[in-house]
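Input: a single structure, listed below in structure tokens.
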There are 2 protein chains.
Amino acid sequence: MSTGVEASRRATAPTSPGRVGDVRRRNLSLILHQLGLSGQTTRARLAADTGLTKASVSSLVADLVSAGLVMEVGLNRAAERGRPGLGVALNTAAAALGLEINVDYMAAGVLNLAGDLQFHQVVEQHNAGKDPEEVLGRLTELAGQALQQAEAAGLTVHAGGLAVPGLVDTASGRVLNAPNIGWRNVDIAEWAASLVPEGILGTAVFNEANSAALAELWYGHGRGMGNYLFISGEVGIGGGIIIDSGLFAGPGGNAGEIGHIVVDPEGPECSCGGSGCLERYAGQDAVFVRAGIEGGNDAERMAALLEALEDGDEQALAAVRRAGHYLGVAASSTFRLLDIDAAVLGGNFATLERWITPAFHASVEEHAPAVLAADDVVVSGLGRQAALMGAAGSRIRTVIEHPHLLLKQH
Amino acid sequence: MSTGVEASRRATAPTSPGRVGDVRRRNLSLILHQLGLSGQTTRARLAADTGLTKASVSSLVADLVSAGLVMEVGLNRAAERGRPGLGVALNTAAAALGLEINVDYMAAGVLNLAGDLQFHQVVEQHNAGKDPEEVLGRLTELAGQALQQAEAAGLTVHAGGLAVPGLVDTASGRVLNAPNIGWRNVDIAEWAASLVPEGILGTAVFNEANSAALAELWYGHGRGMGNYLFISGEVGIGGGIIIDSGLFAGPGGNAGEIGHIVVDPEGPECSCGGSGCLERYAGQDAVFVRAGIEGGNDAERMAALLEALEDGDEQALAAVRRAGHYLGVAASSTFRLLDIDAAVLGGNFATLERWITPAFHASVEEHAPAVLAADDVVVSGLGRQAALMGAAGSRIRTVIEHPHLLLKQH
DNA sequence: AGAATTAGTTTTCAACATGAACTATATGGT
DNA sequence: ACCATATAGTTCATGTTGAAAACTAATTCT
């Protein structure tokens, strides 16, 4: 007697036929997924944990081993009676390349199947207004170094992911509009295709905030949270919506743009053409102006703001409190609209944590009381690795969800 | 060479093993889904449309016929050469019961697999503050009449769906909080279980606005839209988010509560405990007060408002324009946040269409320019049938997505 | 009447997970 | 030492499933 759960957690009806082979694809993925949860384990335990039979697990694991996704790691002493199992684990030699282009830096790193960031390099560099070809050229170099290191360490890089601060069309590999670096309708599919020579899965483009939101979910403080709004304070304000332990990307793949929620219908015009957007109240520039901080590049101004806050400068404190207040307004609306009850703050908001979260909390309590528990606001600990790890992690997930793409036979 | 679509349209990794039999379940559903699109067709065309082989289609259709979900409808003259196909179609004798409890009426109807509303009855009745047992008792009577009519017409009612104006827990069959009828934490699972005697799928509870949003998608003006925000103006303001032709229900099943988006951070307190909520600006009571309409029940006041608007009463016009303006603020935020670009207005907002949509459009153009095309705001035509059809339709979808539940053997 | 064309069924086959039987390797008690 | 017991992993027969191809059926065109 069901009361209809299946109708609320909607799984849309299939539009393509199921083949017998789909079952194996699903179970290959299931094994990888379970290995991600269990770490090192044995075939017998995998069978018990997944509900598959021992026979099936053995067969599936054999395929995954020959695809280089799973490795055998000697005996697994269970310290109990019976024959000890042979240890199996995700193959740490399988990896994905993660890249990020941001306003004042670019970064590259290599993430293995188990989620360990193996190499990571950040290059400070101003990318705003630069020619995309030039920026991509330098990124190619940086990626090449990372790939070389990976190869030297015996890793196989199966895919790449690039995070950029703006709207992207992941499907076609284009950056639609990245205002903060001045890119508009840049097609990087061709560039991406040649980037990872061995990676038969190619290189995909992602939105920076969405990538960071996923990085928190998989590798950061969002682990185990399942549902939250990630708010990224870079030059603009980005966001990522995590629902049921997955990204809610929206129909076009660009949901989560919390920076252009209207927080005051009578508010000032925004660069997006609208008015009263959150970004005009809690964006980096808005806060600097309110705090009376002038001159220097972004990093210098942020340093000056932090110093002023440490010194108890009333103008700086008020500016940050105001940002937190409006951030809370936008978050309240989002919580109510999407039925979620937690937030993760990243980017500058993580840096400003001490001063911004009290105002944020108070504002949410005012506008959407009883939604947020005290410990449901978490601050990112991933820093500048977040977007890059999310982009690479998305590709790792692609491998975990579609391992059959890497099987030799067929 | 993929650029990673599969990573953006996230399909979370499986957590349960796939069996060979799952393939058939999926293909049974695929056939029903295609029949819903095609109407009457033939096995050969089904094979061409779905990608399955003719042999598989024949076998699947045979199962569905014996389950009473598909019927053969004589020859299908194609007016071309070759052997004519045997017509097959969704069995119009398979149906679901739809029910709605609202503030000042309750309704019942029976919807068949093809989406035709067979019986439909509305009873004007004030339910606010009444004892749930009493209301459910009267609804049982109404449902009984509908079921009797259905039986007399030879229909088989497989499941039921009830829409209520408030937060529900569909999984456990409870109404968590329905402020406008005064229900709080009412467990109706037991009542629901005994409602549809033959229906082995039971009766499920849904949120009224979400149900109405789905009704628009399947049977109303939302057909073919795929992505939109449905805004329901009843006593409160509800909403439903349709993404990729499915309901985005959120983690708890109650997403879409657009009525409590903050449209003015300095705004008045709301009954929800927050402040500046949309409902305080565009809710029924707020509009009546602004328009200077007093006395009478809701229906009478709405009639008075419409008369005043027709007469060109400036106060009434301003009140409705103001509601449209703030509705546009909340919609703008939603569009940006969720990356959607269309809206469907239902309930009172459909009634007030002529006066409210110009202000709505202007407001969206001001706060989120270039998001909305002129023809991307649509008005519901389903009226009081919307919620009921959505609730029944959700159960019809359950059958279409899980037809194996109704197969005799196994 | 016969060729052409389309619909639908039957037959054969390969992929796949299951379940049971079997082999392999450990521990613990006597 | 030896054997019962327990656990790990493999082998093999079986049932379900859709694909592919051959086949039968029904209609139109010439």
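Every chain is numbered from 1 and lettered A, B, ... according to where its sequence line falls, protein lines coming before strand lines.
- Smallest separation of non-hydrogen atoms from A/Q40 and A/L75: NE2-O, 4.3 Å.
- In this structure, OG in B/S245 is found 10.5 Å from CH2 in B/W218, a value given to the nearest 0.5 Å.
- In this structure, B/L75 atom CG and D/dT28 atom C1' are separated by 15 Å, rounded to whole Å.
- Just one residue in the list B/R26, B/R24, B/R25 forms a side-chain hydrogen bond (donor to acceptor under 3.5 Å, both in side chains) with B/D22, and that residue is B/R25.
- Contacts of B/V20 with the nucleic acid, taken as non-hydrogen atoms under 4.0 Å apart, include base atoms.
- Among the nucleotides C/dG8, D/dG9, C/dT27, the one closest to any side-chain atom of A/R81 is C/dT27.
- A straight line from CZ of A/R19 to C1' of C/dC13 spans 16 Å, rounded to a whole angstrom.
- If you check every strand for non-hydrogen atoms under 4.0 Å, B/L28 touches nothing.
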Next item on the list: Applying side-chain hydrogen bond (donor to acceptor under 3.5 Å, both in side chains), run through B/T53 and B/S56 and close with a yes or a no.
Entry: CA-CA 5 Å; B/T53 60; B/S56 300; 3.0 Å; yes
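- Toward the 5′ end of DNA chain C lies the nearest nucleotide of A/T53, the other residue of the pair A/G82 and A/T53 mapping further downstream.
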Next item on the list: With side-chain contact (heavy atoms from CB on, under 4.5 Å) as the test, would you mind laying out the steps for A/M225 and A/I242 before giving the verdict?
Entry: CA-CA 9 Å; A/M225 287 180 63; A/I242 301 293; over 6 Å; no
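- In this structure, A/S56 reaches the bases: a heavy-atom distance under 4.0 Å links it to at least one base atom across the strands shown.
- Atoms CG (B/D49) and P (C/dA7) sit 11 Å apart, rounded to a whole Å.
- A straight line from CG of A/L407 to C1' of C/dA15 spans 14 Å, rounded to a whole angstrom.
- Within 3.5 Å, a donor on the side chain of A/R83 pairs with an acceptor on the base of D/dA8, or the reverse.
- The 5' end of DNA chain D is approached more closely, in terms of each residue's nearest nucleotide, by A/R43 than by the other of A/R43 and A/P17.
- An OP1 or OP2 oxygen of C/dA17 is reached within less than 4.0 angstrom by a side-chain nitrogen or oxygen of A/N27.
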Just the table, please: protein N/O against nucleotides 12-14 of chain D N/O, every pair under 3.5 Å.
none

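- Across the protein-nucleic acid pair, B/L86 atom CG and C/dA7 atom C1' stand 8 Å apart, rounded to whole Å.
- If you check every strand for non-hydrogen atoms under 4.0 Å, B/S59 touches nothing.
- The nearest pair of heavy atoms linking A/N227 to B/P251 is OD1-CB, 3.2 Å.
- In this structure, A/H404 places its NE2 atom 15 Å from C1' of C/dA15, rounding to the nearest Å.
- In this structure, CG of A/L52 is placed 11 Å from P of C/dG19, rounded to the nearest angstrom.
- If you take CG of B/D22 and P of D/dG18, they are 11 Å apart, rounded to a whole angstrom.
- B/L46 CG to B/T41 OG1: the interatomic distance, rounded to the nearest 0.5 Å, is 5.0 Å.
- B/E151 pairs by the salt bridge (Lys or Arg N to Asp or Glu O under 4.0 Å) definition with nothing, not counting sequence neighbours.
- Annotation: of the two residues near DNA chain C, A/K54 and A/G51, the 5′-most nearest-nucleotide partner is A/G51.
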